[in-house]
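What you see below is based on every heavy atom in this structure, not just the backbone, and it leaves out hydrogens, waters and symmetry mates. Read the numbers this way: they start at 1 and go in the same order the structure lists the ligands and their atoms.
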Amino acid sequence: MKKIALLLALCLTNMSFSQGNTHKQQAGKFEGLAMTPPMGWNSWNTFATNIDEKLVKETADIMVSSGLAAAGYNYIVLDDGWMTHERDANGDLVPDPEKFPNGMKSLIDYVHSKGLKFGLYNCAGTKTCAGYPGTRGYEYQDARFYAKLGIDFLKYDWCNTEGITAKEAYATMSNALKTAGRPIVFSLCEWGDNQPWEWGKPVGNLWRISGDIYPCFDCEFKHPENWSSWGFMKIADMRKDIRKYSGPDHWNDFDMMEVGNEMNDTEDKTHFAMWCMLSSPLFTGNDYRKMSKETLAILTNKELLSVNQDKLGIQGFKYIILDGVEVWVKPLSDGAWAVSFVNRTETAKKVAFDWSKNNFKDIDFGYEADFSKTTFKIKDLWKNKETGNTTKVFSASIASHDVITLKLIP
Ligand code: GLA
């Protein structure tokens with residue numbers, strides 16, 4: 001009896017259990033794969049299911065040649081639409097041979113040869129959102145398939161999941177990936193419907209917190225099928241109390257970016273600043289082959305990226321709204337803070353921010369900036385220029401939908 005209890009205890013502490021004679025099931029995500037928010041490119045926002053080998057190769061080439069890779073973007077993720085509509089005779093998924101005439105493996109090898117990483121998409125349901133074979137009932141088989149292909153990232157969606165529980169479905173796939181043995185970042189795309197922030201930390205490395213993004217500042221786009229996509233400021237506002245759940249290796253994911261798509265450069269700049277303030281994963285969603293130099297400059301802004309990639313990994317929060325100008329703040333490592341003034345209105349606004357009358361308190365993580373006790377140097381991150389300190393009122397004019405991002409250095 002004692003022996004059995006000991007064996008059981010050993011099994012539980014290892015979080016592994018044997019299945020038959022040959023398989024050893026592992027539980028829990030691969031730890032440590034996303035200690036700062038992951039960065040890369042995802043096909044969905046611009047291309048939907050119109051993806052192919054040529055697009056991926058060109059995107060990988062430009063990721064390297066443009067400086068995006070040097071700035072930190074390294075995952076190339078193919079979203080929905082990479083497979084055929086049926087599994088093969090063995091039940092394996094089939095990469096679409098028309099879109100990928102040389103097979104998926106050789107494409108992945110190509111992406112890896114450029115020093116980049118590769119990701120794929122599937123869904124916890126019976127079918128993906130676009131109607132391709134989902135993973136339900138094939139979790140371990142699909143995980144082995146991905147490990148063999150050599151992918152590094154899996155986005156796992158939530159369409160056609162009637163009758164299953166999110167927490168269990170995502171845990172099953174997480175365990176399957178762990179058992180397959182290849183470290184793969186696991187991206188939960190469940191839209192926040194079942195509070196993944198409450199149970200996602202041991203399961204995945206990032207989780208979506210909202211429905212899909214739409215390339216606008218503050219709109220709601222209503223689809224005819226009775227669901228909505230959201231402007232980026234709407235998403236930023238959507239879940240007020242979940243920042244305490246986000247951090248290194250377990251990120252709140254505000255969705256792939258729309259920078260370089262349908263908004264103007266001012267709105268793109270604010271979108272990017274917000275995703276940096278929120279410590280969101282940074283997946284570009286534009287066509288690199290048509291990227292303007294302004295878009296590239298926004299996406300590769302080193303100062304803003306250092307806010308997003310700060311090792312503390314604390315998600316920022318809205319501190320106050322002053323006449324339509326939102327003040328977002330984010331504690332950074334070494335006692336610094338990032339501060340963004342976002343003009344949410346349709347007209348230009350003047351700000352006169354008296355630091356001495358403000359005191360930033362982060363009640364979730366216990367950080368505080370008391371400007372009566374500490375003077376901070378101020379750096380304007382978009383201008384890459386020092387601009388005084390917090391003993392003086394900060395005055396500036398901000399165009400409609402524009403942002404000013406400052407770093408306060410103690
Ligand atoms: C859902 C996801 C999107 C995208 C599509 C693909 O809507 O939220 O990000 O993956 O499915 O069909």
Please list every donor-acceptor pair under 3.5 Å in which a side-chain atom of residues 402-410 meets a protein atom from a residue at least two apart or in another chain.
{"from": "Asp402", "atom 1": "OD1", "to": "Lys269", "atom 2": "NZ", "distance (Å)": "3.1"}
{"from": "Thr405", "atom 1": "OG1", "to": "Ser340", "atom 2": "OG", "distance (Å)": "3.0"}
{"from": "Thr405", "atom 1": "OG1", "to": "Trp382", "atom 2": "NE1", "distance (Å)": "3.1"}

Cys159 and Cys129 SG atoms under 2.5 angstrom apart: yes
Which residue pairs pass the disulfide bond (SG atoms under 2.5 Å apart) test when at least one of the two sits in residues 236-311, sequence neighbours left out? none
Test of understanding: with side chain to side chain contact (heavy atoms under 4.5 Å, CB included), list the residues that count as partners of Lys349, not counting sequence neighbours. Asp323, Val325, Asn343, Thr345, Thr347
Should the pair Phe186 and Tyr170 be assigned to parallel (<30°), tilted (30 to 60°) or perpendicular (>60°) ring geometry? tilted
Phe371 vs Phe360 aromatic rings, parallel, tilted or perpendicular, using cut-offs 30° and 60°? perpendicular
I need the contact residues for ligand 1: any residue with a non-hydrogen atom closer than 4.0 Å to the ligand, ordered by chain then number. Trp44, Asp79, Asp80, Tyr121, Cys129, Ala130, Lys155, Asp157, Cys189, Trp191, Arg208, Asp212, Met256
